[in-house]
Amino acid sequence: MTVAEGVVDRLMYVGADGYTVAVLTTGERSETKIAGTVLHGLQPGETVRVDGDWTNSGTLKVHECERVLPATVHAIRRYLGSGLVRGIGRKLADAIVDTFGADTLDVIDRDPKRLLEVHQIGRDRMAKIIAAWADQRAVREVMVFLQGVGVSPALAVRIHRKLGEHSLQVVRNEPYRLVEEVWGIGFATADTIALAAGIPEQSPERMQAAVLHTLLQARTMGGHCFLPVNEVLTHTTAMVEQDEELIRAALHALRRKRKVVQERIGGREVVFQAYLHQQETMLADNVMRLLGTPSSLPGKPKLDSPELDDTQRQALHMALTNTVSILTGGPGCGKSFTVRHIAKTAKAAGAKITLAAPTGRAARRLSELTGMPAMTVHRMLGRNAEPEDDDGGLFDVNDPLSADLIVVDESSMLDVGLADALMDKVPAGAHLLLVGDVDQLPSVGPGSVLRDLLDVPDIPRTHLSRVYRQGAGSGITANAVSVRDGVLPVNNPEFWFVPAEDPKDIAETVVDIATRRLPAAYGIEPNKVQVLCPGRAREVGALHIGRLLQDVLNPHQEGEPQYWSDDRAFRVGDRVMPIRNNYDKGKNGVFNGTAGTVTALSLEDRLLEVTLEDGEAVEYDFDELEELAHGYAITVHRSQGSEYPYVVVPLSTSAGMLLLRRNLLYTAITRAKAMVVLVGQPRALRMAVEQTGDRRNTALTWRFTGEDLAAGVLPPLREDHGQVAAF
Ligand SMILES: Nc1ncnc2c1ncn2[C@@H]1O[C@H](COP(=O)(O)OP(=O)(O)OP(=O)(O)O)[C@@H](O)[C@H]1O
C-alpha cells in the first residue's frame, strides 16, 4: 500500500461507471498517474491524499481518497489558480501566493483585508474574493459531510447554490427536502445521505419521500399522471423494504399535507401528485369553458378554397366555425398546407392569428411552411414576449393571446402542464386549433393530451389520411406510413436498412455511416447527420454512441482545454443541447431541446459558452453542466418536434425491449428530410414495427365522459433485464 499526497493537475479519462484517471503533481515537478472509481468527481486544483497499489504500468490504483486543504505553496498556487474560487484566475493566484506564501489561506481566512497588499487587488475585487471564499468554505463543509457517501462535489455545489447557508443543516437533518428543492437529486441520493446521517429507516419523512418518488418515477419513466393506490403501495413497499402499513400512513400524511390527491376514477382509487391533479382538472375545465363559448371570429370567412381537397376543406370549415378543434394526420397529408389556408382565409376576413409550436425548431418550421411568423408556446404564454420582433403585422407580439385564431402545431408534444397553461390563457370566443400527429411519441412530460382530447366525442376533429408528398422525402414518408400501419419498411433510395447483429458492431457501423459514409456519398458535412437512439443506456444508447462520435468528430487535441463533468468531456466545437428549460439564461430563456455548439471553454472561470442555433451565446457554469447533453447522438424522445436532413438509427434488442415500439420508430423516421438509415438486427426492426405502445395513466378523457377506464389500460409490474420496472 502506498500513500501519496498532491495536487490534481488534470483529468485524463472518466468512464461511465465513474472510473477516473488523473495526473497528480506531488512536489514541484513529479507527476503520478492515479486511477480508480473512488476518484470520481475530483476537480483539477484540489489537493488529495490517496492510498493505493502500483500497477505494472506505473499507475497508482487508488482504494481510498481524501480531500485535504492545500498546504504547500505549490498546492495553494494550483488550488487558487484552478478557478475553484471564483474571481481568482491563474495570474492573480500567483500574485497572491507570491505575497503571502504558505500563509495564503490563513490570510484569506482570518485577515482578508490584507489582500489589499497585493498590487492587483482593489476593494471591489477583495470583496468578491471574500464572498467567493466564504462560499467555497460553506461548499467544502457540505462536501466534507458528503464525502464517503459517494455524492459528487458538483452536487454539493448545487445544494449550496440553492440552499445557501442552510445547506449543511438541511443535508444533515432533512435530506429528503433535497429531492424537491435541488434539481438533479433524486430519492436514491437523498436516501443514501439520510441513512448515513443516522435518520431511521422507518422514519415518516423517509416513507413519504419514497411514496413521492414512486409517483415521480411513474411520471418521468412512464409519463403517467397517476398510479392506482395498490400500485403505489406495492411498489413503494418493495423499494424501501418496510411494512405496507407504514406506506399507507405516509400516503395518508401526504394527502393531509395536500402533496397528493386521491380520487376515484373509472371505479379505481388512484393517486396523483397534487400539482398534476390540479393541472389535469384545470385543463379539462378550461377546454369545457372554451367549447361552451360562442365564437367571436370577426367577418365572414370564405370557406370555398378550391386548392384544398374535400377533407382539408372540412378542416377549414371546422377550424373557422368551432372554438376548439383538432386537425390530425400522418406525414405529408397536408397538415401544414391546410393550416396555411386556414390562416390565410381567417386573415382575409380580418382575424388576428397566432401560430405556435412547443419547440423553437418546430415553430421555425411552421413559419417556413406557412410563410407566416410563428412562436413557441412558451413565448406566446407571455414568458418571453419580445416587442422588437418583426411580426409582419399578423399578430400583436405584445399580446399574442389577443388573437382571434390560435393554431398550435406539433400538439402531440403538449404535456399536461403546458396544455393547462395554454388553455388557461386562451380568451373566451377565440378559436384554438390543435394540429398534430397522434401516432408520434407522446410528450416528454406527463400526459397524452392530444390523444386524450381526440377521445372526447364533443371536440370536433378532422383526420387527413391522403398522402400528397411527392419527390424529395416521399420514400421516407412511404415507409413512415408503413411503420405506422404495422408493415415492415422497404429499402428505397431515401431509406436503407443495414443489418448488423452484435451491439458493438451496430454502434461502430452507426458511427462509420454518420461520420464517413454519408458525408462521402452525398458531399455533406457530418453535422447534417443526426444519430437518434431509442434509449440512452448500453452499447447502442445515445451516451455511448455519442462518445464514439465525439471522439471521431471532435477529438481532444493536446494542449486544448477540456473539462470532464462526471464521465462526459466538454471541448470547444462540441455539439450540445440544453435538456432543461432555464428561464434565467439568455435573453428569453433557454429551452430544452435547442441545438447548440460549445464556442468557448475557460477552465479558469469554470465556464462554457454555448452558441445556440439562433445565434445567441449563453454561458454555463461547470456546476450546471447537468443541464446540457452532448448532441452527437440523442434519444428519439428528445428529437420530437425537430427535423434533420439525414437520420441514422441503431436498432438492437439489447437497448431494452420496451423501447422497440412502433411510435418510437415512426417518430425517428419522420424526423428525416433527405434520408433514413436504420442499422441493426432485423429482429429488432420487426419488434419495433409490431409492438404498439402502452397508454399512459391519465384521467383527462374521463373528466369529460365519466366513462370507466378500459380494463387492462394500466400496465402491470414487469421485468426488464432483471430489474423490476414498474412503469
Ligand atoms: N390538396 C393538396 N393539393 C396539392 N398538394 C398538396 C395538397 N395538400 C398537400 N399538398 C402538398 O403535399 C406536401 C406535404 O404537405 P404538408 O407539408 O402540408 O404535409 P404535413 O401533413 O404537414 O406533413 P409533415 O407532418 O410530414 O410535415 C406539400 O408539398 C404540399 O404542398
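Counting starts at 1 for both ligands and their atoms, following the listed order.
- Glu280 has a carboxylate O that lies under 4.0 Å from a charged side-chain N of Arg703, or vice versa, which qualifies the two as a salt bridge.
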Start with the C-alpha gap between Leu685 and Leu660, add the side-chain angles, then the distance that decides, and say whether side-chain contact (heavy atoms from CB on, under 4.5 Å) holds.
-> CA-CA 8 Å; Leu685 174 62; Leu660 295 173; over 6 Å; no

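- Qualifying side chain to side chain donor-acceptor pair (under 3.5 Å) partners for Asp309, counting only residues two or more places apart in sequence or in other chains: Tyr468.
- With respect to atom 7 (C) of ligand 1, the closest heavy atom belonging to the protein is Phe337 CE2, 3.4 Å.
- Residues Glu613 and Arg364 are paired through a salt bridge, judged by an N-O separation under 4.0 Å between the basic side chain and the carboxylate.
- By heavy-atom distance, the residue among Lys335, Arg340, Arg365 lying nearest atom 27 (O) of ligand 1 is Arg365.
- Contact record, Pro331 with Thr670: CG-CG2, 4.0 Å, taken as the closest heavy-atom pair.
- Pairs passing the side chain to side chain donor-acceptor pair (under 3.5 Å) check and including a residue from residues 414-436, sequence neighbours excluded, read Asn286-Asp424, Ser295-His431.
- Of the protein's heavy atoms, Gly332 N, 2.8 Å lies nearest to atom 23 (O) of ligand 1.
- Counting only heavy atoms of the protein, atom 22 (O) of ligand 1 lies nearest to Ser336 OG, 2.7 Å.
- In the vicinity of Gly330, heavy-atom distances shorter than 4.0 Å reach the ligand 1 atoms 21 (O).
- Under the 4.0 angstrom criterion, atom 29 (O) of ligand 1 counts as lacking any protein heavy-atom contact.
- Looking only at protein heavy atoms, the nearest one to atom 1 (N) of ligand 1 is Gln312 OE1, 2.8 Å.
- Nearest non-hydrogen protein atom to atom 3 (N) of ligand 1 is Tyr468 CE2, 3.7 Å.
- The single protein non-hydrogen atom nearest to atom 16 (P) of ligand 1 is Gly334 CA, 3.6 Å, given as residue, atom name and distance.
- Taking atom 17 (O) of ligand 1 as the reference point, the nearest protein heavy-atom neighbour is Arg469 NH2, 3.4 Å.
- Taking the charged nitrogens against the carboxylate oxygens, Glu643 and Arg365 do have a contact shorter than 4.0 Å, which makes a salt bridge.
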